[in-house]
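In each ligand, atom 1 is the first atom listed, and ligand 1 is the first ligand listed.
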Amino acid sequence: MHVRKVEVDLLRAYRLLHPRNVVLVSCIDKADGANIVTLAWSMPTSVDPPLVAISVSPRRYSHRLIEETKEFVVNVPTIETAREALFCGRVSGRKHDKFKEAPLTALPAKKVQAPLIEECAAHLECKLVQKITAGDHTIFIGRVLAATVNEGVFDSKFNISKVNPIYHLGGDDFATLSAEVVTPRL
Ligand SMILES: Cc1cc2nc3c(=O)[nH]c(=O)nc-3n(C[C@H](O)[C@H](O)[C@H](O)COP(=O)(O)O)c2cc1C
């Protein structure tokens, strides 16, 4: 018996590519105020040079900050901060101090002015190198200038029994990984 295929609304088709791992991107305004935006759309795009891409709607306050300062930090949150991740993805930095209200802790970065988020497990400090308009979002490509991770959770790959990344299903729903690692034999 074949499984029957049903149509999906084209404006919801992107959700077929979820769950996607959530990142918290920190950035600053020119007056040094820091902001955080929650993103489900991010990906590595190059190993050498190390490049990552984030897809940000021009409606976000963070879009303007990244365009102006040409830098951002991609922070990797864990399930313990799911509530803070949702908060930073539901209110705008135009009206809220998200570090204070989430609350989340700003730590100095090594190579950029934007702060790291202490509660996150890993941090990729990026300098903006390319901007691509892609429909109703902008793809910002950043060169990773420094990368740091909590001690003891990463040894060339994450130890998922020690760190539990967050995945966004859509709306207010998130998922986590089971601690089972699957290694297919070829
Ligand atoms: C789980 C989650 C994932 C999100 N992913 C994205 C994304 O990939 N790109 C985007 O532009 N907005 C995304 N958003 C929406 C922004 O985070 C949200 O509009 C935020 O309030 C913008 O903040 P800002 O105005 O301070 O920049 C997401 C929101 C949530 C809750």
Side-chain angles (χ1 to χ4, degrees), residues 9-45 51-106 109 112-126 128-142 144 163-177:
D9 175 0
L10 294 185
L11 298 185
R12 282 277 174 265
Y14 74 89
R15 288 222 177 139
L16 297 171
L17 300 176
H18 283 231
R20 302 194 62 84
N21 63 311
V22 172
V23 296
L24 299 183
V25 167
S26 43
C27 44
I28 50 163
D29 65 28
K30 281 182 175 159
D32 266 8
N35 192 40
I36 305 168
V37 60
T38 303
L39 302 179
W41 294 357
S42 75
M43 66 172 177
T45 65
L51 302 177
V52 294
I54 56 173
S55 183
V56 182
S57 161
R59 292 189 297 176
R60 319 294 180 229
Y61 176 56
S62 308
H63 189 279
R64 178 152 76 76
L65 302 191
I66 293 167
E67 274 191 325
E68 279 177 9
T69 62
K70 301 191 168 34
E71 57 164 60
F72 56 91
V73 180
V74 178
N75 300 274
V76 181
T78 60
I79 195 63
E80 291 78 17
T81 46
R83 199 201 60 81
E84 291 83 349
L86 185 60
F87 177 77
C88 292
R90 288 285 178 255
V91 304
S92 177
R94 285 187 197 95
K95 294 207 171 136
H96 293 265
D97 178 343
K98 299 194 209 178
F99 271 101
K100 206 165 137 197
E101 293 176 41
L104 289 164
T105 314
V112 297
Q113 298 299 310
L116 313 183
I117 302 171
E118 184 173 23
E119 290 80 358
C120 290
H123 320 273
L124 295 89
E125 299 176 29
C126 300
L128 181 65
V129 292
Q130 207 180 333
K131 199 179 89 174
I132 302 162
T133 299
D136 60 10
H137 279 54
T138 303
I139 298 174
F140 290 122
I141 300 180
V144 183
V163 68
N164 211 341
I166 316 175
Y167 291 82
H168 187 220
L169 281 160
D172 288 355
D173 294 338
F174 296 87
T176 60
L177 293 173

Exercise. Would you say Cys88 contacts ligand 1, with heavy atoms under 4.0 Å as the rule?
Worked result: yes

Exercise. When Asn75 is tested against each of Glu119, Glu125, Glu118, His123 for side-chain hydrogen bond (donor to acceptor under 3.5 Å, both in side chains), which residue passes?
Worked result: His123

Exercise. What is the nearest protein non-hydrogen atom to atom 7 (C) of ligand 1, stated with its residue, atom name and distance?
Worked result: Leu39 CD2, 3.4 Å

Problem set entry | Which residue and heavy atom of the protein sit nearest atom 26 (O) of ligand 1, plus the separation | Gly93 N, 2.7 Å

Exercise. Do ligand 1 and Val91 have nitrogen or oxygen atoms that lie under 3.5 Å from each other?
Worked result: yes

For this session: Measure the shortest side-chain to side-chain distance between Arg60 and Leu65 over non-hydrogen atoms and say whether it is less than 4.5 angstrom.
Result: no

For this session: Check each atom of ligand 1 against the heavy atoms of Val56 and keep those under 4.0 Å away; list them by number with element.
Result: 11 (O)

For this session: Sorted by first residue and then second, give each ring pair (Phe, Tyr, Trp, His ring centres under 6.0 Å) pair with at least one member in residues 71-96; sequence neighbours left out.
Result: none

Exercise. Hey, which atoms in ligand 1 end up nearer than 4.0 Å to a heavy atom of Ser55?
Worked result: 7 (C), 8 (O), 9 (N), 10 (C), 11 (O)

Problem set entry | Selected option - heavy-atom contact closest to atom 25 (O) of ligand 1, from Ser57, Ser92, Pro19 | Ser92

Problem set entry | Residue, atom name and distance, where the atom is the protein heavy atom closest to atom 22 (C) of ligand 1 | Arg60 CD, 3.5 Å

Seminar exercise, completed: Heavy atoms of His18 and Ala40 approach each other most closely as CE1-CB, 3.9 Å

Problem set entry | Under 3.5 Å side-chain donor-acceptor pair for Glu80 and Thr78 | yes

Exercise. About how many Å separate OG1 of Thr176 and CG of Asn21, when rounded to the nearest 0.5 Å?
Worked result: 13.0 Å

Exercise. What residue and atom, counting heavy atoms only, is the protein's closest point to atom 18 (C) of ligand 1, and at what distance?
Worked result: Gly89 O, 3.2 Å

Problem set entry | Closest approach of Pro77 to Val22 (non-hydrogen atoms, all atoms of both residues) | CD-O, 3.1 Å

For this session: Using a strict 4.0 Å cut-off to heavy atoms of His137, name the atoms of ligand 1 that fall inside it.
Result: 9 (N), 10 (C), 11 (O)

Exercise. Any idea which atoms of ligand 1 are less than 4.0 Å away from a heavy-atom of Phe174?
Worked result: 1 (C)

For this session: Write down the atom of Gly142, the atom of Cys126, and the distance for their closest heavy-atom approach.
Result: CA-CB, 4.0 Å

Under 3.5 Å donor-acceptor pairs involving side-chain atoms of residues 130-138, not counting sequence neighbours:
{"residue": "Lys131", "atom": "NZ", "partner": "Glu67", "partner atom": "OE2", "Å": "2.7"}
{"residue": "Thr138", "atom": "OG1", "partner": "His63", "partner atom": "NE2", "Å": "2.7"}

Seminar exercise, completed: Here the pair of heavy atoms bringing Ile166 nearest to Ala82 is CD1-CA, 3.8 Å

Problem set entry | pair Val25-Ile66: side-chain heavy atoms closer than 4.5 Å | yes

Exercise. To the nearest 0.1 Å, how far is atom 28 (C) of ligand 1 from its closest protein heavy atom, and which atom is that?
Worked result: Thr38 O, 3.2 Å

Exercise. Taking atom 8 (O) of ligand 1 as the point of reference, which of Tyr61, Phe87, Trp41 owns the nearest heavy atom?
Worked result: Trp41

Problem set entry | Selection from Ala40, Ser62, Pro58 by shortest heavy-atom distance to atom 27 (O) of ligand 1 | Ser62

Seminar exercise, completed: ligand 1 to Asn35, heavy atom cutoff 4.0 Å, flagged ligand atoms 24 (P), 26 (O), 27 (O)

For this session: Check each of His168, Lys95, Lys98 against atom 23 (O) of ligand 1 and report the one with the nearest heavy atom.
Result: Lys98

For this session: Among all protein heavy atoms, pick out the one at the shortest distance from atom 31 (C) of ligand 1; state its residue, atom name and that distance to 0.1 Å.
Result: Arg90 NH1, 3.6 Å

